[in-house]
Amino acid sequence: MITIHLKYEIDPDRLEDFEEYGRRWVKLVNGFGGTHHGYFLPSEGDSDIAYALFSFPSFAAYEQYRTDSMSDPECQAAFELARRTRCIKRYERRFLRPLDTTP
């Protein structure tokens, strides 16, 4: 399993647009065979940082999702929402693996 951790720097004045972007991607990732663990939005502290976590069974499955999403109309509409509204200033992507706790 591979888990993708995204850290977003967002425009706090565009939080509603970012929330819509997140709602779309939760549905899309799940539809492409991943498991979206949610978006985590600013509450207390930094007002311009948000996070997302989602997993795929393997890195190969994640790469297939990335390839397929580039030609999917709903994915392209989500990308366009972010471009048009400029709700995302920048993002960082990290790849994580769960700790195997079996002896």
More than 12 heavy atoms of other groups within 6.0 Å of [X] [atom1]:
X   : atom1 : value
E80 : CD    : yes
R97 : CZ    : no
K89 : NZ    : yes

Honestly curious: do [X] and [Y] fall in one hydrophobic cluster under the side-chain, below-4.5 Å linking rule?
X   : Y   : answer
Y91 : L41 : yes
F79 : V29 : yes
I2  : L53 : no

Over 60° means perpendicular and under 30° means parallel, so tell me whether F18 and Y39 are parallel, tilted or perpendicular. perpendicular
Is the F95 ring parallel, tilted or perpendicular to the Y62 ring (thresholds 30°, 60°)?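 The rings of F95 and Y62 stand perpendicular, inter-plane angle above 60°.
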If you compare all heavy atoms of T85 against all heavy atoms of R14, which two are closest, and at what distance to 0.1 Å? O-NE, 3.2 Å
Closest heavy-atom contact between S55 and H37? OG-NE2, 2.7 Å
Got [X] and [Y] here, is their nearest side-chain heavy-atom distance under 4.5 Å?
X   : Y   : answer
R84 : L81 : yes
F32 : C75 : yes
I49 : K7  : yes
P42 : I10 : yes
I88 : E9  : no
P57 : M1  : no

Please answer whether the main-chain N or O of S69 pairs with a side-chain N or O of Q76 as donor and acceptor at a distance below 3.5 Å.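 Yes, Q76 side chain to S69 backbone: donor-acceptor pair under 3.5 Å.
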For the pair N30 (side chain) and H36 (backbone), establish whether a donor and an acceptor sit closer than 3.5 Å, ignoring hydrogens and angles. yes
F54 pairs by side chain to side chain contact (heavy atoms under 4.5 Å, CB included) with which of V26, T3, L6?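 Of the listed residues V26, T3, L6, the side chain to side chain contact (heavy atoms under 4.5 Å, CB included) partner of F54 is L6.
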Co-members of L99 in a cluster of I, L, V, M, F, W and Y side chains, linked at under 4.5 Å: none
Between E63 and R66, is there a salt bridge with N-O shorter than 4.0 Å? no
Presence of salt bridge, R94 and E92, under 4.0 angstrom: yes
Verdict with reasoning, Y65 to F56, per ring pair (Phe, Tyr, Trp, His ring centres under 6.0 Å): CA-CA 9 Å; Y65 147 77; F56 278 88; 4.9 Å; yes
